[in-house]
Amino acid sequence: MEQDVLPLQPTPAAVPWLWKWDELYQLAAMAGKLIELEDGGDRRALGLSNPGLNGKPYATETLWMALQWLNGKEIAPPHRHIAQASRFIIQSEGSYSTVEGNRIFLERGDFVLNPPLLWHDHGSINNNHAIWLDALDIPVTNYLNANFFESHYLDKQKVTKKINASVLKYGNGNYRPLWEDPINEYPPVSVYKWKETLKALNGLKEADEACPYDDLALEYVNSFNGNSSMKTFGASIQLIRPKIHTKAHRHVSSNVYYIFEGSGYSVIDGVRFNWSEGDFLVIPTWAYHEHCNTSESTDAILFSVSDRPLMQAMDKYRQEPLKENDGHQIVHSVFTGNL
Ligand code: 1HN
């Protein structure tokens, strides 16, 4: 009984899980054909539902992760919500998001921010469909009973700034327009362009330093204050060099990974999860995990979101390395998709 109230350590209901790209893509494409976006309607988003969470469309206890499909020439109308949101672009040519009047064109690998209560809509200027992942703090917002949601009266916002203005103004990271004060709340830039992210990863490669648990990993931060991009969750991009096998650790924060490029595997609590481009992987809180890029010559690049900023803000974050077996888990099975 006492252990129900004061467990000795975290007991996540979310289970480690892997969603394969082929299956997700087929479902999203089918939704693209079958489901119309209506005026004042919502988004065509497939929520990743962790099998440990009783049918809730949540990837972990704290993170919502979905795959969104936008058809060519389509408009996903403006709305706003208190939930903190972000997107990582998988495929887009000619699609845009307008966040609070600031329209940005989306390209593969871009990381897009949507701080709370900012109006946002998406659209496309040609016939190409776009696909991206949405990461939001919906489970936390709902748990706290703090959700607010509002639809806009227009079917798309007026564009009030120059196209891509926030990238032009703030996208270089180290500089601030002298006539503005630092923005302390959320990052001033609304999209971290893939070109810059790749440059940063390549710089880190040259610097020849690495993390034993993640190899080369960078968090997307607010360039004005160094904080995480959102308050309830953060996002990172990670490059695992060929043949690198990281050491295992565990922490009080859950992660959802999207495999942007490459192939390899992760071992989570003794189970091996083989991944390749496009797959999604969940690492629940306090689960031991290590990663391996199995390629001899190609980098593996992984995008991930984590609720660590929330845990740290509440003073709940802990991290510990696996001490035994030179920091490597003993693999007792391979994930097959069966519970
Ligand atoms: C949302 O606003 C979007 O704007 C996507 O693209 C997914 C899931 C739950 C709640 C709001 C979007 C969402 C969402």
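We count ligands from 1, going down the list as the structure has it; atoms in each ligand are counted the same way. Just the heavy atoms: all of them, side chains too, but no hydrogens, waters or symmetry mates, feed the values below. Computed from a prediction, not measured in an experiment: that's the story for all the values here.
Less than 6.0 angstrom separates the ring centroid of Tyr258 from the ring centroid of Phe280. Taking the centre of each ring, Phe335 and Trp17 come in below the 6.0 Å mark.
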Give the table of side-chain donor-acceptor pairs shorter than 3.5 Å for residues 103-116, with sequence neighbours excluded, one pair per line with atom names and distance.
from: Arg103; atom 1: NE; to: Thr98; atom 2: OG1; distance (Å): 3.0
from: Glu107; atom 1: OE1; to: Lys193; atom 2: NZ; distance (Å): 2.9
from: Arg108; atom 1: NH1; to: Ile90; atom 2: O; distance (Å): 2.9
from: Arg108; atom 1: NH2; to: Phe260; atom 2: O; distance (Å): 3.0
from: Asp110; atom 1: OD1; to: Trp194; atom 2: N; distance (Å): 3.0
from: Asp110; atom 1: OD2; to: Glu107; atom 2: N; distance (Å): 2.9
from: Asp110; atom 1: OD2; to: Lys193; atom 2: NZ; distance (Å): 2.6
from: Asn114; atom 1: OD1; to: Arg87; atom 2: NH2; distance (Å): 2.8
from: Asn114; atom 1: OD1; to: His120; atom 2: ND1; distance (Å): 3.2
from: Asn114; atom 1: ND2; to: His120; atom 2: ND1; distance (Å): 3.4

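Electrostatic pairing of Lys161 and Glu100 does not count as a salt bridge here, judged by no charged N lying under 4.0 Å from a carboxylate O. The pair Arg176-Asp181 does not meet the salt-bridge criterion, since no charged nitrogen lies less than 4.0 angstrom from a carboxylate oxygen.
What you find for Val256 and Met65 is that their closest heavy atoms are CG1-CE, 3.3 Å.
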For ligand 1, what N or O to protein N or O distances fall under 3.5 Å?
from: ligand 1; atom 1: 2 (O); to: His79; atom 2: NE2; distance (Å): 2.6
from: ligand 1; atom 1: 2 (O); to: His81; atom 2: NE2; distance (Å): 2.7
from: ligand 1; atom 1: 2 (O); to: His120; atom 2: NE2; distance (Å): 3.2
from: ligand 1; atom 1: 4 (O); to: Arg43; atom 2: NE; distance (Å): 2.8
from: ligand 1; atom 1: 4 (O); to: Arg43; atom 2: NH2; distance (Å): 3.4
from: ligand 1; atom 1: 4 (O); to: His79; atom 2: NE2; distance (Å): 3.4
from: ligand 1; atom 1: 4 (O); to: His120; atom 2: NE2; distance (Å): 2.9
from: ligand 1; atom 1: 4 (O); to: His122; atom 2: NE2; distance (Å): 3.4
from: ligand 1; atom 1: 6 (O); to: Arg43; atom 2: NE; distance (Å): 3.1
from: ligand 1; atom 1: 6 (O); to: Gln68; atom 2: NE2; distance (Å): 2.9
from: ligand 1; atom 1: 6 (O); to: Arg87; atom 2: NH1; distance (Å): 3.1
from: ligand 1; atom 1: 6 (O); to: His122; atom 2: NE2; distance (Å): 2.7

